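Worksheet: the structure to be examined is printed underneath.
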2 protein chains.
Amino acid sequence: MTRTTLSSAMQNAATSDTIAQALSLAIHEHRIAPGTKLGEDELAEIYGVSRTVVRASLQSLSHLKLVDIRRNKGAKVASPSLTEAHEVFEARELLEPRTARSAAKLATPSDIASLERHINEEHAALDAADPGRALYLSGLFHTEIARIADQGTIAGFIETLIARSSLIIALYWRRESALCEKHAHHALVRALADHDEEQAEALMRSHLVDLHSALDLRERNVRAPSLKEALSQ
Amino acid sequence: MTRTTLSSAMQNAATSDTIAQALSLAIHEHRIAPGTKLGEDELAEIYGVSRTVVRASLQSLSHLKLVDIRRNKGAKVASPSLTEAHEVFEARELLEPRTARSAAKLATPSDIASLERHINEEHAALDAADPGRALYLSGLFHTEIARIADQGTIAGFIETLIARSSLIIALYWRRESALCEKHAHHALVRALADHDEEQAEALMRSHLVDLHSALDLRERNVRAPSLKEALSQ
DNA sequence: TCTTCTTGTATTGTATACAATTAGGTGTTC
DNA sequence: GAACACCTAATTGTATACAATACAAGAAGA
(Lines give C-alpha, C1' and ligand atoms only; values in the text may rest on other atoms or scores of the structure.)
Protein backbone atom coordinates (compact mmCIF):
# COMPACT_ATOMS: atom_id res chain seq x y z
CA MET A 1 0.00 0.00 0.00
CA THR A 2 2.45 2.58 1.13
CA ARG A 3 4.90 0.70 -0.98
CA THR A 4 2.81 0.72 -4.09
CA THR A 5 1.69 4.33 -3.78
CA LEU A 6 5.15 5.78 -3.80
CA SER A 7 7.28 3.27 -5.55
CA SER A 8 4.88 1.68 -7.96
CA ALA A 9 6.54 3.13 -11.01
CA MET A 10 10.06 2.42 -9.91
CA GLN A 11 10.25 -0.80 -8.00
CA ASN A 12 13.21 -1.89 -10.01
CA ALA A 13 16.39 0.08 -10.23
CA ALA A 14 15.52 2.52 -7.47
CA THR A 15 18.46 4.85 -7.58
CA SER A 16 19.14 8.00 -5.68
CA ASP A 17 17.71 10.18 -8.42
CA THR A 18 14.52 8.24 -8.91
CA ILE A 19 13.81 8.30 -5.19
CA ALA A 20 14.44 12.03 -5.01
CA GLN A 21 12.12 12.49 -7.96
CA ALA A 22 9.42 10.33 -6.42
CA LEU A 23 9.59 12.23 -3.15
CA SER A 24 9.67 15.53 -4.97
CA LEU A 25 6.57 14.57 -6.90
CA ALA A 26 4.79 13.47 -3.74
CA ILE A 27 5.62 16.79 -2.11
CA HIS A 28 4.55 18.71 -5.21
CA GLU A 29 1.22 16.94 -5.28
CA HIS A 30 0.69 17.56 -1.57
CA ARG A 31 0.61 13.87 -0.74
CA ILE A 32 3.28 14.60 1.87
CA ALA A 33 2.68 17.68 3.97
CA PRO A 34 5.28 20.19 5.12
CA GLY A 35 6.84 19.17 8.40
CA THR A 36 6.45 15.44 7.83
CA LYS A 37 9.33 13.46 9.25
CA LEU A 38 11.25 11.52 6.63
CA GLY A 39 12.96 8.70 8.49
CA GLU A 40 15.83 7.06 6.70
CA ASP A 41 14.99 3.50 7.68
CA GLU A 42 11.37 4.03 6.76
CA LEU A 43 12.18 5.30 3.28
CA ALA A 44 14.85 2.67 2.81
CA GLU A 45 12.30 -0.04 3.43
CA ILE A 46 9.68 1.58 1.20
CA TYR A 47 12.02 1.75 -1.78
CA GLY A 48 13.91 -1.43 -1.07
CA VAL A 49 17.33 0.16 -0.89
CA SER A 50 19.81 0.87 1.84
CA ARG A 51 19.96 4.04 3.89
CA THR A 52 23.00 5.10 1.88
CA VAL A 53 20.89 5.72 -1.18
CA VAL A 54 18.08 7.32 0.76
CA ARG A 55 20.49 9.73 2.39
CA ALA A 56 21.75 10.84 -0.99
CA SER A 57 18.20 11.52 -2.12
CA LEU A 58 17.39 13.51 0.98
CA GLN A 59 20.54 15.56 0.65
CA SER A 60 19.61 16.27 -2.91
CA LEU A 61 16.18 17.49 -1.89
CA SER A 62 17.61 19.58 0.90
CA HIS A 63 19.68 21.50 -1.64
CA LEU A 64 16.43 22.35 -3.38
CA LYS A 65 15.07 23.47 0.00
CA LEU A 66 12.28 20.94 -0.29
CA VAL A 67 13.61 19.05 2.70
CA ASP A 68 15.12 20.35 5.86
CA ILE A 69 17.98 18.31 7.30
CA ARG A 70 19.36 19.03 10.75
CA ARG A 71 22.36 17.27 12.11
CA ASN A 72 21.43 14.32 14.30
CA LYS A 73 17.80 15.29 13.96
CA GLY A 74 16.97 13.85 10.58
CA ALA A 75 15.03 15.12 7.61
CA LYS A 76 11.63 16.76 7.47
CA VAL A 77 9.67 18.14 4.59
CA ALA A 78 10.49 21.84 4.70
CA SER A 79 7.92 24.30 5.93
CA PRO A 80 8.85 27.71 4.60
CA SER A 81 8.41 30.61 6.95
CA LEU A 82 6.36 33.65 6.05
CA THR A 83 9.54 35.50 5.19
CA GLU A 84 10.68 32.75 2.88
CA ALA A 85 7.26 32.63 1.28
CA HIS A 86 7.42 36.31 0.40
CA GLU A 87 10.98 35.97 -0.82
CA VAL A 88 10.14 33.11 -3.10
CA PHE A 89 7.29 34.93 -4.75
CA GLU A 90 9.28 38.14 -5.03
CA ALA A 91 12.04 36.20 -6.72
CA ARG A 92 9.55 34.66 -9.09
CA GLU A 93 8.13 38.07 -9.89
CA LEU A 94 11.63 39.19 -10.75
CA LEU A 95 12.63 36.22 -12.88
CA GLU A 96 9.57 34.82 -14.59
CA PRO A 97 8.20 37.86 -16.44
CA ARG A 98 11.58 38.34 -18.07
CA THR A 99 11.65 34.65 -18.90
CA ALA A 100 8.19 34.78 -20.41
CA ARG A 101 9.38 37.60 -22.63
CA SER A 102 12.26 35.50 -23.91
CA ALA A 103 9.96 32.54 -24.37
CA ALA A 104 7.61 34.66 -26.48
CA LYS A 105 10.51 35.44 -28.76
CA LEU A 106 11.63 31.85 -29.12
CA ALA A 107 8.50 29.73 -28.86
CA THR A 108 7.98 27.26 -31.70
CA PRO A 109 4.66 25.72 -32.74
CA SER A 110 5.68 22.49 -31.07
CA ASP A 111 6.40 24.36 -27.84
CA ILE A 112 2.93 25.87 -27.98
CA ALA A 113 1.38 22.47 -28.59
CA SER A 114 3.25 21.08 -25.62
CA LEU A 115 2.03 23.87 -23.38
CA GLU A 116 -1.53 23.34 -24.50
CA ARG A 117 -1.21 19.68 -23.71
CA HIS A 118 -0.11 20.65 -20.22
CA ILE A 119 -3.11 22.88 -19.75
CA ASN A 120 -5.44 20.13 -20.87
CA GLU A 121 -3.90 17.66 -18.48
CA GLU A 122 -4.27 20.21 -15.75
CA HIS A 123 -7.96 20.63 -16.48
CA ALA A 124 -8.40 16.90 -16.59
CA ALA A 125 -6.81 16.61 -13.16
CA LEU A 126 -9.11 19.31 -11.81
CA ASP A 127 -12.14 17.53 -13.27
CA ALA A 128 -10.92 14.32 -11.66
CA ALA A 129 -10.91 16.15 -8.32
CA ASP A 130 -7.17 15.72 -8.00
CA PRO A 131 -6.06 19.21 -7.01
CA GLY A 132 -2.60 18.00 -6.02
CA ARG A 133 -1.86 16.78 -9.49
CA ALA A 134 -3.35 19.91 -10.98
CA LEU A 135 -1.01 21.98 -8.86
CA TYR A 136 1.96 19.91 -9.98
CA LEU A 137 1.02 20.32 -13.61
CA SER A 138 0.53 24.02 -13.11
CA GLY A 139 4.09 24.21 -11.85
CA LEU A 140 5.26 22.20 -14.81
CA PHE A 141 3.64 24.78 -17.05
CA HIS A 142 5.87 27.47 -15.62
CA THR A 143 8.93 25.26 -15.78
CA GLU A 144 8.20 24.57 -19.41
CA ILE A 145 8.11 28.26 -20.23
CA ALA A 146 11.48 28.73 -18.57
CA ARG A 147 12.81 25.88 -20.68
CA ILE A 148 11.48 27.44 -23.85
CA ALA A 149 13.26 30.67 -22.96
CA ASP A 150 16.48 28.73 -23.39
CA GLN A 151 18.16 30.11 -20.30
CA GLY A 152 19.12 26.96 -18.47
CA THR A 153 20.61 28.68 -15.47
CA ILE A 154 17.62 30.87 -14.76
CA ALA A 155 15.31 27.98 -15.59
CA GLY A 156 17.03 26.02 -12.85
CA PHE A 157 16.38 28.78 -10.36
CA ILE A 158 12.76 29.00 -11.40
CA GLU A 159 12.37 25.28 -11.02
CA THR A 160 13.46 25.39 -7.40
CA LEU A 161 11.26 28.41 -6.77
CA ILE A 162 8.26 26.58 -8.15
CA ALA A 163 9.01 23.55 -6.03
CA ARG A 164 9.13 25.74 -2.96
CA SER A 165 5.97 27.50 -4.07
CA SER A 166 4.23 24.18 -3.82
CA LEU A 167 5.18 23.97 -0.16
CA ILE A 168 4.10 27.55 0.40
CA ILE A 169 0.75 26.88 -1.20
CA ALA A 170 0.31 23.84 0.99
CA LEU A 171 0.86 26.00 4.05
CA TYR A 172 -0.73 29.30 3.17
CA TRP A 173 -3.30 28.77 0.46
CA ARG A 174 -6.51 30.70 1.11
CA ARG A 175 -9.43 28.44 0.33
CA GLU A 176 -11.80 31.25 -0.45
CA SER A 177 -9.76 32.38 -3.40
CA ALA A 178 -10.77 30.66 -6.57
CA LEU A 179 -8.39 28.98 -8.94
CA CYS A 180 -8.29 31.63 -11.62
CA GLU A 181 -5.44 30.02 -13.42
CA LYS A 182 -7.34 28.66 -16.37
CA HIS A 183 -7.68 32.06 -17.90
CA ALA A 184 -4.19 33.18 -17.00
CA HIS A 185 -2.43 30.19 -18.49
CA HIS A 186 -4.53 30.23 -21.63
CA ALA A 187 -3.91 33.92 -22.21
CA LEU A 188 -0.20 33.40 -21.67
CA VAL A 189 -0.03 30.65 -24.25
CA ARG A 190 -1.82 32.88 -26.71
CA ALA A 191 0.69 35.67 -26.15
CA LEU A 192 3.55 33.23 -26.60
CA ALA A 193 2.04 31.86 -29.79
CA ASP A 194 1.70 35.41 -31.13
CA HIS A 195 5.29 36.22 -30.14
CA ASP A 196 3.88 39.19 -28.28
CA GLU A 197 6.74 39.73 -25.86
CA GLU A 198 5.27 42.76 -24.12
CA GLN A 199 2.00 40.99 -23.49
CA ALA A 200 3.65 37.78 -22.32
CA GLU A 201 5.76 39.63 -19.80
CA ALA A 202 2.80 41.61 -18.50
CA LEU A 203 0.56 38.57 -18.26
CA MET A 204 3.15 36.58 -16.39
CA ARG A 205 3.72 39.43 -13.96
CA SER A 206 0.06 39.88 -13.17
CA HIS A 207 -0.46 36.14 -12.95
CA LEU A 208 2.26 35.89 -10.30
CA VAL A 209 0.92 38.88 -8.40
CA ASP A 210 -2.47 37.19 -8.38
CA LEU A 211 -0.96 34.01 -7.02
CA HIS A 212 1.00 35.90 -4.40
CA SER A 213 -2.04 37.78 -3.20
CA ALA A 214 -4.13 34.61 -3.12
CA LEU A 215 -2.01 33.41 -0.24
CA ASP A 216 -2.93 33.96 3.34
CA LEU A 217 0.46 35.01 4.53
CA ARG A 218 -0.22 35.24 8.23
CA GLU A 219 1.44 33.16 10.89
CA ARG A 220 -0.36 30.04 11.88
CA ASN A 221 0.20 26.62 13.31
CA VAL A 222 0.24 23.68 11.01
CA ARG A 223 0.18 20.10 12.19
CA ALA A 224 2.35 17.69 10.29
CA PRO A 225 0.81 14.25 9.82
CA SER A 226 2.97 11.17 9.85
CA LEU A 227 4.31 9.69 6.68
CA LYS A 228 2.05 6.67 6.94
CA GLU A 229 -1.03 8.82 7.25
CA ALA A 230 -0.03 10.85 4.24
CA LEU A 231 0.59 7.87 2.03
CA SER A 232 -2.31 5.69 3.09
CA GLN A 233 -4.75 7.32 0.69
CA MET B 1 51.97 19.91 -0.79
CA THR B 2 48.47 19.61 -2.05
CA ARG B 3 47.77 17.92 1.20
CA THR B 4 48.87 20.75 3.44
CA THR B 5 47.52 23.41 1.15
CA LEU B 6 44.04 22.06 1.19
CA SER B 7 43.54 20.73 4.65
CA SER B 8 45.75 22.96 6.73
CA ALA B 9 42.96 24.97 8.27
CA MET B 10 40.66 22.11 9.17
CA GLN B 11 42.58 19.02 10.08
CA ASN B 12 40.34 18.35 13.08
CA ALA B 13 36.62 17.78 12.91
CA ALA B 14 36.52 17.49 9.15
CA THR B 15 32.83 17.20 8.46
CA SER B 16 31.01 17.13 5.17
CA ASP B 17 30.40 20.87 5.24
CA THR B 18 33.93 21.87 6.12
CA ILE B 19 35.33 19.75 3.31
CA ALA B 20 32.89 21.19 0.82
CA GLN B 21 33.85 24.65 1.99
CA ALA B 22 37.56 23.92 1.72
CA LEU B 23 37.18 22.57 -1.79
CA SER B 24 34.95 25.45 -2.76
CA LEU B 25 37.56 27.90 -1.51
CA ALA B 26 40.32 26.11 -3.39
CA ILE B 27 38.28 26.27 -6.58
CA HIS B 28 37.41 29.92 -5.98
CA GLU B 29 41.06 30.79 -5.53
CA HIS B 30 42.01 28.86 -8.65
CA ARG B 31 44.22 26.46 -6.76
CA ILE B 32 42.29 23.64 -8.42
CA ALA B 33 41.62 24.11 -12.11
CA PRO B 34 38.43 23.26 -13.98
CA GLY B 35 38.46 19.68 -15.19
CA THR B 36 40.61 18.37 -12.37
CA LYS B 37 39.63 14.89 -11.28
CA LEU B 38 38.49 14.69 -7.66
CA GLY B 39 39.01 11.10 -6.59
CA GLU B 40 37.12 9.95 -3.55
CA ASP B 41 39.92 7.93 -2.02
CA GLU B 42 42.35 10.75 -2.63
CA LEU B 43 40.20 13.31 -0.86
CA ALA B 44 39.32 10.88 1.90
CA GLU B 45 42.97 10.43 2.71
CA ILE B 46 43.73 14.15 2.51
CA TYR B 47 41.03 15.07 4.99
CA GLY B 48 41.34 11.98 7.12
CA VAL B 49 37.76 10.84 6.77
CA SER B 50 35.98 8.02 5.00
CA ARG B 51 34.68 8.17 1.47
CA THR B 52 31.17 8.47 2.88
CA VAL B 53 31.85 11.99 4.05
CA VAL B 54 33.75 12.94 0.93
CA ARG B 55 30.90 11.79 -1.26
CA ALA B 56 28.48 13.99 0.62
CA SER B 57 30.76 16.97 0.08
CA LEU B 58 31.10 16.30 -3.62
CA GLN B 59 27.38 15.91 -4.03
CA SER B 60 26.92 19.19 -2.27
CA LEU B 61 29.32 20.92 -4.62
CA SER B 62 27.70 19.33 -7.64
CA HIS B 63 24.42 20.94 -6.69
CA LEU B 64 26.20 24.29 -6.83
CA LYS B 65 27.50 23.29 -10.27
CA LEU B 66 31.06 23.64 -9.04
CA VAL B 67 31.66 19.94 -9.50
CA ASP B 68 30.48 17.63 -12.21
CA ILE B 69 29.57 14.11 -11.12
CA ARG B 70 28.88 11.39 -13.64
CA ARG B 71 27.66 8.00 -12.65
CA ASN B 72 30.49 5.49 -12.36
CA LYS B 73 32.86 8.14 -13.69
CA GLY B 74 33.51 10.15 -10.57
CA ALA B 75 33.74 13.85 -9.87
CA LYS B 76 35.60 16.56 -11.74
CA VAL B 77 35.81 20.27 -11.16
CA ALA B 78 33.21 21.67 -13.53
CA SER B 79 34.28 23.46 -16.68
CA PRO B 80 31.40 25.62 -17.85
CA SER B 81 30.78 25.79 -21.58
CA LEU B 82 30.60 29.05 -23.48
CA THR B 83 26.83 28.86 -23.37
CA GLU B 84 26.84 28.41 -19.63
CA ALA B 85 29.30 31.25 -19.25
CA HIS B 86 27.01 33.64 -21.07
CA GLU B 87 24.02 32.41 -19.14
CA VAL B 88 25.71 32.91 -15.81
CA PHE B 89 26.66 36.48 -16.56
CA GLU B 90 23.27 37.26 -18.05
CA ALA B 91 21.67 35.94 -14.90
CA ARG B 92 23.98 38.08 -12.79
CA GLU B 93 23.11 41.12 -14.89
CA LEU B 94 19.47 40.42 -14.21
CA LEU B 95 19.73 39.81 -10.47
CA GLU B 96 22.55 41.87 -9.05
CA PRO B 97 21.61 45.40 -10.14
CA ARG B 98 18.24 44.94 -8.52
CA THR B 99 19.94 43.59 -5.44
CA ALA B 100 22.34 46.53 -5.30
CA ARG B 101 19.35 48.83 -5.33
CA SER B 102 17.81 47.09 -2.34
CA ALA B 103 21.16 47.10 -0.58
CA ALA B 104 21.44 50.86 -1.09
CA LYS B 105 18.14 51.27 0.66
CA LEU B 106 19.04 49.05 3.61
CA ALA B 107 22.79 49.46 4.11
CA THR B 108 23.83 50.37 7.65
CA PRO B 109 27.10 52.06 8.60
CA SER B 110 28.42 48.73 9.84
CA ASP B 111 27.60 47.15 6.50
CA ILE B 112 29.58 49.85 4.76
CA ALA B 113 32.51 49.33 7.09
CA SER B 114 32.42 45.61 6.40
CA LEU B 115 32.45 46.19 2.66
CA GLU B 116 35.38 48.56 2.95
CA ARG B 117 37.27 45.95 4.93
CA HIS B 118 36.63 43.52 2.10
CA ILE B 119 38.02 45.94 -0.44
CA ASN B 120 41.13 46.52 1.64
CA GLU B 121 41.74 42.82 1.98
CA GLU B 122 41.31 42.47 -1.74
CA HIS B 123 43.92 45.15 -2.40
CA ALA B 124 46.25 43.53 0.08
CA ALA B 125 45.91 40.23 -1.74
CA LEU B 126 46.67 41.92 -5.04
CA ASP B 127 49.73 43.59 -3.55
CA ALA B 128 50.83 40.22 -2.23
CA ALA B 129 50.63 38.89 -5.77
CA ASP B 130 47.87 36.47 -4.81
CA PRO B 131 45.35 36.98 -7.60
CA GLY B 132 43.42 33.87 -6.65
CA ARG B 133 42.63 35.20 -3.22
CA ALA B 134 41.85 38.61 -4.65
CA LEU B 135 39.33 37.01 -6.96
CA TYR B 136 37.75 35.14 -4.08
CA LEU B 137 37.47 38.30 -2.03
CA SER B 138 36.02 40.12 -5.00
CA GLY B 139 33.30 37.48 -5.15
CA LEU B 140 32.74 37.84 -1.43
CA PHE B 141 32.14 41.52 -2.00
CA HIS B 142 29.23 40.75 -4.29
CA THR B 143 27.87 38.11 -1.95
CA GLU B 144 28.01 40.59 0.90
CA ILE B 145 25.91 43.09 -1.04
CA ALA B 146 23.31 40.43 -1.69
CA ARG B 147 23.27 39.67 2.01
CA ILE B 148 22.76 43.33 2.85
CA ALA B 149 19.80 43.44 0.48
CA ASP B 150 18.09 41.00 2.84
CA GLN B 151 16.72 38.72 0.15
CA GLY B 152 18.04 35.37 1.24
CA THR B 153 16.62 33.44 -1.67
CA ILE B 154 18.06 35.67 -4.33
CA ALA B 155 21.28 35.99 -2.37
CA GLY B 156 21.58 32.22 -2.55
CA PHE B 157 21.22 32.30 -6.31
CA ILE B 158 23.80 35.04 -6.59
CA GLU B 159 26.19 33.07 -4.44
CA THR B 160 26.08 30.11 -6.79
CA LEU B 161 26.43 32.39 -9.80
CA ILE B 162 29.53 33.98 -8.31
CA ALA B 163 31.01 30.60 -7.58
CA ARG B 164 30.47 29.58 -11.18
CA SER B 165 31.85 32.90 -12.35
CA SER B 166 35.10 31.95 -10.72
CA LEU B 167 35.27 28.86 -12.91
CA ILE B 168 34.38 30.89 -15.96
CA ILE B 169 37.11 33.39 -15.21
CA ALA B 170 39.57 30.57 -14.80
CA LEU B 171 38.69 29.33 -18.27
CA TYR B 172 37.99 32.46 -20.26
CA TRP B 173 39.76 35.38 -18.62
CA ARG B 174 41.47 37.63 -21.15
CA ARG B 175 44.86 38.52 -19.75
CA GLU B 176 45.15 41.73 -21.67
CA SER B 177 42.21 43.27 -19.91
CA ALA B 178 43.21 45.11 -16.78
CA LEU B 179 41.59 44.59 -13.42
CA CYS B 180 39.44 47.70 -13.31
CA GLU B 181 37.56 46.56 -10.27
CA LYS B 182 39.17 48.84 -7.75
CA HIS B 183 37.26 51.83 -9.02
CA ALA B 184 34.06 49.96 -9.57
CA HIS B 185 33.86 48.49 -6.09
CA HIS B 186 34.81 51.74 -4.44
CA ALA B 187 32.23 53.69 -6.35
CA LEU B 188 29.60 51.11 -5.49
CA VAL B 189 30.33 51.36 -1.79
CA ARG B 190 30.02 55.11 -1.99
CA ALA B 191 26.62 54.83 -3.67
CA LEU B 192 25.49 52.36 -1.02
CA ALA B 193 26.70 54.63 1.77
CA ASP B 194 24.78 57.52 0.24
CA HIS B 195 21.65 55.37 -0.14
CA ASP B 196 21.67 56.37 -3.78
CA GLU B 197 19.61 53.50 -5.15
CA GLU B 198 19.59 54.65 -8.74
CA GLN B 199 23.34 55.06 -8.80
CA ALA B 200 24.00 51.75 -7.05
CA GLU B 201 21.89 49.88 -9.56
CA ALA B 202 23.55 51.59 -12.51
CA LEU B 203 27.04 51.05 -11.18
CA MET B 204 26.43 47.39 -10.51
CA ARG B 205 25.02 46.91 -13.99
CA SER B 206 27.94 48.56 -15.73
CA HIS B 207 30.40 46.74 -13.49
CA LEU B 208 28.94 43.41 -14.53
CA VAL B 209 28.90 44.37 -18.19
CA ASP B 210 32.56 45.28 -17.85
CA LEU B 211 33.34 41.91 -16.32
CA HIS B 212 31.34 40.09 -18.95
CA SER B 213 33.14 41.86 -21.77
CA ALA B 214 36.53 41.28 -20.16
CA LEU B 215 36.06 37.60 -20.90
CA ASP B 216 37.19 36.04 -24.12
CA LEU B 217 33.91 34.39 -24.86
CA ARG B 218 34.47 33.37 -28.42
CA GLU B 219 34.30 29.86 -29.65
CA ARG B 220 37.52 28.04 -29.17
CA ASN B 221 38.76 24.73 -27.98
CA VAL B 222 39.15 24.73 -24.26
CA ARG B 223 40.72 21.56 -23.14
CA ALA B 224 40.48 20.44 -19.57
CA PRO B 225 43.94 20.68 -18.08
CA SER B 226 45.31 17.53 -16.59
CA LEU B 227 46.09 17.15 -12.95
CA LYS B 228 49.80 17.34 -13.59
CA GLU B 229 49.50 20.59 -15.47
CA ALA B 230 47.26 22.03 -12.84
CA LEU B 231 49.70 21.34 -10.04
CA SER B 232 52.94 22.11 -11.87
CA GLN B 233 52.31 25.80 -12.47
C1' DT C 1 51.26 -3.57 -37.64
C1' DC C 2 46.71 -3.05 -36.59
C1' DT C 3 42.52 -4.71 -34.54
C1' DT C 4 40.02 -6.93 -31.11
C1' DC C 5 39.42 -9.43 -27.11
C1' DT C 6 40.70 -10.52 -22.59
C1' DT C 7 42.16 -9.74 -18.23
C1' DG C 8 43.73 -7.03 -14.34
C1' DT C 9 43.51 -2.87 -11.75
C1' DA C 10 41.58 1.17 -10.10
C1' DT C 11 37.47 3.61 -8.90
C1' DT C 12 32.82 4.20 -7.88
C1' DG C 13 28.10 2.33 -6.07
C1' DT C 14 25.71 0.01 -2.37
C1' DA C 15 24.95 -2.48 1.81
C1' DT C 16 25.97 -3.31 6.39
C1' DA C 17 28.14 -2.84 10.97
C1' DC C 18 29.26 0.00 14.53
C1' DA C 19 29.61 4.61 17.07
C1' DA C 20 27.44 8.79 18.56
C1' DT C 21 23.57 11.44 19.58
C1' DT C 22 18.91 12.35 20.67
C1' DA C 23 14.32 11.51 22.54
C1' DG C 24 11.24 9.48 25.72
C1' DG C 25 10.16 7.20 29.65
C1' DT C 26 10.93 5.67 34.57
C1' DG C 27 11.85 6.36 38.95
C1' DT C 28 13.44 9.31 42.66
C1' DT C 29 13.41 13.38 45.37
C1' DC C 30 11.61 17.52 47.13
C1' DG D 1 2.48 16.98 41.52
C1' DA D 2 6.78 19.08 39.50
C1' DA D 3 11.59 18.87 38.60
C1' DC D 4 15.57 16.32 37.88
C1' DA D 5 18.70 12.59 36.88
C1' DC D 6 19.28 8.41 34.74
C1' DC D 7 18.59 4.78 31.67
C1' DT D 8 16.84 2.62 27.44
C1' DA D 9 15.29 2.62 22.69
C1' DA D 10 15.38 4.69 18.38
C1' DT D 11 17.67 7.33 14.90
C1' DT D 12 21.36 9.38 12.65
C1' DG D 13 26.60 9.74 11.52
C1' DT D 14 30.65 7.34 9.94
C1' DA D 15 33.61 3.66 8.56
C1' DT D 16 34.34 -0.40 6.22
C1' DA D 17 33.43 -4.44 3.25
C1' DC D 18 31.85 -6.06 -0.86
C1' DA D 19 29.81 -5.64 -5.69
C1' DA D 20 29.67 -3.41 -10.10
C1' DT D 21 31.61 -0.67 -13.47
C1' DA D 22 35.05 1.56 -16.27
C1' DC D 23 39.80 2.09 -17.84
C1' DA D 24 44.21 0.44 -19.55
C1' DA D 25 47.54 -2.69 -20.73
C1' DG D 26 48.74 -6.66 -22.95
C1' DA D 27 47.90 -11.01 -25.68
C1' DA D 28 46.00 -13.39 -29.59
C1' DG D 29 44.72 -13.32 -34.20
C1' DA D 30 44.58 -11.76 -38.91
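Numbered from 1 within each chain, the chains take letters A, B, ... in sequence-line order. What's counted below: heavy atoms across the whole structure, side chains too, no hydrogens, waters or symmetry copies. Only a predicted model underlies this, so the values are computations on that prediction, with no experimental measurement involved.
For B/T108, the side chain to side chain contact (heavy atoms under 4.5 Å, CB included) test picks out B/S110, B/D111, with sequence neighbours left out. Take B/E93 and apply the side chain to side chain contact (heavy atoms under 4.5 Å, CB included) test, not counting sequence neighbours, and it matches B/F89, B/L208, B/V209, B/H212. Residues passing the salt bridge (charged side-chain N to carboxylate O under 4.0 Å, His left out) test with A/E84 are A/R164, sequence neighbours excluded.
Rounded to the nearest 0.5 angstrom, A/F141 CZ and A/I162 CD1 are separated by 10.5 Å.
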With the criterion being N/O to N/O and under 3.5 Å, what pairs connect the protein with nucleotides 17-23 of chain C, and how long is each?
| unit_1 | atom_1 | unit_2 | atom_2 | d |
| --- | --- | --- | --- | --- |
| C/dT21 | O3' | A/N72 | ND2 | 3.4 |

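A 4.5 Å side-chain heavy-atom check between A/K65 and A/T160 finds every atom pair outside the cut-off. A/I19 has its side chain out of reach of A/T15: every pair of non-hydrogen atoms, C-beta onward, lies at least 4.5 Å apart.
Comparing D/dT12, C/dT11, D/dA15 by their nearest atom to the side chain of A/K37 picks out D/dT12.
Residues from residues 52-69 of chain A placing a heavy atom under 4.0 Å of any atom in DNA chain C, listed by number, are A/T52, A/V53.
Atom CG of A/D41 and atom P of D/dA9 are 17 Å apart (whole Å). Note: CD (B/E45) to P (C/dT11) measures 12 Å, nearest angstrom. Regarding A/D17, its CG atom lies at a distance of 11 Å from the P atom of C/dG13, rounded to whole Å. Here D/dT11 presents its P atom at 11 Å from CD of A/E40, a figure rounded to the nearest Å.
The residue from B/L64, B/L66, B/I32, B/V67 that alone fulfils the side chain to side chain contact (heavy atoms under 4.5 Å, CB included) condition with B/S24 is B/L66.
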Could you tabulate the donor-acceptor pairs under 3.5 Å formed by side-chain atoms of residues 142-150 of chain A, not counting sequence neighbours?
| unit_1 | atom_1 | unit_2 | atom_2 | d |
| --- | --- | --- | --- | --- |
| A/H142 | ND1 | A/R92 | NH2 | 3.2 |
| A/H142 | ND1 | A/E96 | OE1 | 2.9 |
| A/H142 | NE2 | A/H185 | NE2 | 3.4 |
| A/H142 | NE2 | A/H207 | NE2 | 3.3 |
| A/T143 | OG1 | A/G139 | O | 3.1 |
| A/E144 | OE2 | A/S114 | OG | 3.0 |
| A/E144 | OE2 | A/R147 | NH2 | 3.3 |

